[in-house]
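Working notes, structure below.
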Amino acid sequence: MSDENEIDYGPLKNLIGVWKGSSGVDVAPERDGPEDNPYYETITFTAVGDVENAESQVLSVVRYHQVVQRKSNDETFHDETGYWMWDPKTKTVMHSLVIPRAVCVLAGGNYTGAKGDKGGVVLEVAASVEDQDWSIIQSPFMQANARTTEFRHKIEVGDGHLSYLETTIVEIYGKVFEHTDENELVRV
Ligand code: HEM
């Protein structure tokens with residue numbers, strides 16, 4: 001890895017820092033129907049440098065940790081970690097994530113400029129169990145009982161503001177459930 005101060009993080013540069021937001025809405029699966037959970041959270045994005053793969057691909061890397069608390073009781077009910085990676089040669093944005101339900105995702109996509117002239121970006125990545133490249137790995141229990149089949153994540157970030165919408169498709173309780181999470185955060 002090179003010194004992180006010399007790295008060009010491309011569109012990921014906007015993410016680096018600590019973000020907080022308290023207007024989160026989670027729609028989660030329960031046996032008797034969807035449950036809405038208002039939440040607040042902190043997401044910490046840390047620049048960690050770059051990596052070289054097979055002496056030909058160089059990725060710049062940002063690590064993150066997301067801690068989400070339920071407004072009703074302040075309980076931490078979602079903890080997620082992973083990396084955002086940028087490949088400047090192919091202009092590919094990659095997002096790896098792990099959640100402690102024994103589910104891992106490697107999503108891929110790209111970015112566009114955000115509306116307005118403040119240099120913001122929209123990062124958009126997706127993964128699917130059907131996709132050979134950008135896919136989902138989960139434990140045998142989750143495969144059998146709460147199988148994640150698709151994941152889509154769109155983040156708009158710039159000018160001290162970050163908003164996201166994340167959709168996770170889960171097969172659970174004999175149904176296909178659209179599990180969504182969205183929030184708006186500010187850099188602190
Ligand atoms: C802000 C982000 C998220 C929040 C707040 C959240 C919250 C929740 C909640 C409240 C449940 C219902 C079960 C429970 O009460 O624990 C749930 C279920 C689930 N979530 Fe999430 N989730 C988030 C993101 C994700 C992501 C990114 C994935 C996977 C890519 C995921 C996969 C699942 C799965 C597979 C279940 C079904 C397990 C079950 O209900 O027993 N979630 N989530």
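One is the number of the first residue; the rest follow in order along the sequence.
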- Query: What do the steps show when you test H78 against Q66 for side-chain contact (heavy atoms from CB on, under 4.5 Å), and what is the final call?
  - Reply: CA-CA 8 Å; H78 184 79; Q66 177 182 22; 4.3 Å; yes
- Item | Residue list, ring pair (Phe, Tyr, Trp, His ring centres under 6.0 Å) with H179, at least two apart or on another chain |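 Partners of H179 under the ring pair (Phe, Tyr, Trp, His ring centres under 6.0 Å) test: none.
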- With Y83 via ring pair (Phe, Tyr, Trp, His ring centres under 6.0 Å) - residues at least two apart: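 Y83 satisfies ring pair (Phe, Tyr, Trp, His ring centres under 6.0 Å) with no residue once adjacent residues are dropped.
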- Item | Distance-only donor-acceptor check, side chains N183 and Y40, under 3.5 Å | no
- Message: Testing the 3.5 Å rule here: is there a donor-acceptor pair between the side chains of N110 and E124?
- Response: no
For the pair [X] (side chain) and [Y] (backbone), establish whether a donor and an acceptor sit closer than 3.5 Å, ignoring hydrogens and angles.
X: Y39; Y: D181; value: no
X: D131; Y: S128; value: no
X: K89; Y: L59; value: no
X: R187; Y: I16; value: yes

Using a 6.0 Å cut-off, check whether atom [atom1] of [X] has over 12 heavy atoms from anything other than its own residue.
X: I137; atom1: CD1; answer: no
X: K115; atom1: NZ; answer: no
X: E130; atom1: CD; answer: no

- Item | From CA spacing to verdict: side chain to side chain donor-acceptor pair (under 3.5 Å), Y173, N145 | CA-CA 8 Å; Y173 309 129; N145 297 286; over 6 Å; no
- Message: Under 4.0 Å between a side-chain nitrogen and a carboxylate oxygen: does that hold for R70 and E35?
- Response: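 Looking at R70 and E35, the cut-off is met.
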- Test side-chain contact (heavy atoms from CB on, under 4.5 Å) applied to V186 and H161, step by step: CA-CA 5 Å; V186 292; H161 290 266; 3.8 Å; yes
Mind checking whether [X] and [Y] have side chains closer than 4.5 Å, heavy atoms only?
X: V125; Y: W84; value: yes
X: R101; Y: M142; value: yes
X: Q138; Y: C104; value: no
X: F45; Y: W19; value: yes
X: T148; Y: V129; value: no
X: Q57; Y: D87; value: yes
X: V157; Y: Y164; value: no
X: L123; Y: P11; value: yes

In one Ile/Leu/Val/Met/Phe/Trp/Tyr side-chain cluster, 4.5 Å: [X], [Y]:
X: I155; Y: I43; answer: yes
X: V68; Y: V188; answer: no
X: I99; Y: V105; answer: yes

- Do you know which of Y64, W134, Y111 makes ring pair (Phe, Tyr, Trp, His ring centres under 6.0 Å) with H95?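 Answer after filtering Y64, W134, Y111: Y64.
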Could you tell me the separation between the [atom1] atom of [X] and the [atom2] atom of [Y], rounded to the nearest 0.5 Å?
X: N53; Y: M85; atom1: CG; atom2: CE; value: 10.0 Å
X: S22; Y: K71; atom1: OG; atom2: NZ; value: 5.0 Å
X: H65; Y: T81; atom1: NE2; atom2: OG1; value: 5.5 Å
X: L185; Y: L162; atom1: CG; atom2: CG; value: 5.5 Å

- Task: Might you work through the side-chain contact (heavy atoms from CB on, under 4.5 Å) test for V18 and T42, ending with a clear yes or no?
- Result: CA-CA 7 Å; V18 180; T42 302; 3.9 Å; yes
- Task: Kindly indicate, with the supporting measurements, whether the criterion salt bridge (Lys or Arg N to Asp or Glu O under 4.0 Å) is fulfilled by K154 and E156.
- Result: CA-CA 7 Å; K154 182 175 176 181; E156 181 162 343; over 6 Å; no
- Smallest heavy-atom separation, P29 atom then I172 atom, equals CB-CG2, 3.7 Å
- Shortest non-hydrogen contact from G49 to I7?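 Looking at all heavy atoms of both residues, the closest pair is CA-CG1, 3.8 Å.
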- Report the residue from T180, L165, T167 that forms a side chain to side chain contact (heavy atoms under 4.5 Å, CB included) with R152.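 Between R152 and the candidates, side chain to side chain contact (heavy atoms under 4.5 Å, CB included) is satisfied uniquely by T167.
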- Task: With F151 as reference, evaluate V103, L97, I169, L106 under the side chain to side chain contact (heavy atoms under 4.5 Å, CB included) test and give the passing residue.
- Result: L97
- Quick one: list whatever passes side-chain hydrogen bond (donor to acceptor under 3.5 Å, both in side chains) with D32, sequence neighbours left out. none
- Message: Using the rule given for side-chain contact (heavy atoms from CB on, under 4.5 Å), can you reason through D50 versus Y9, listing the C-alpha separation, both sets of side-chain angles and the distance that settles it, and then say yes or no?
- Response: CA-CA 9 Å; D50 63 11; Y9 287 95; over 6 Å; no
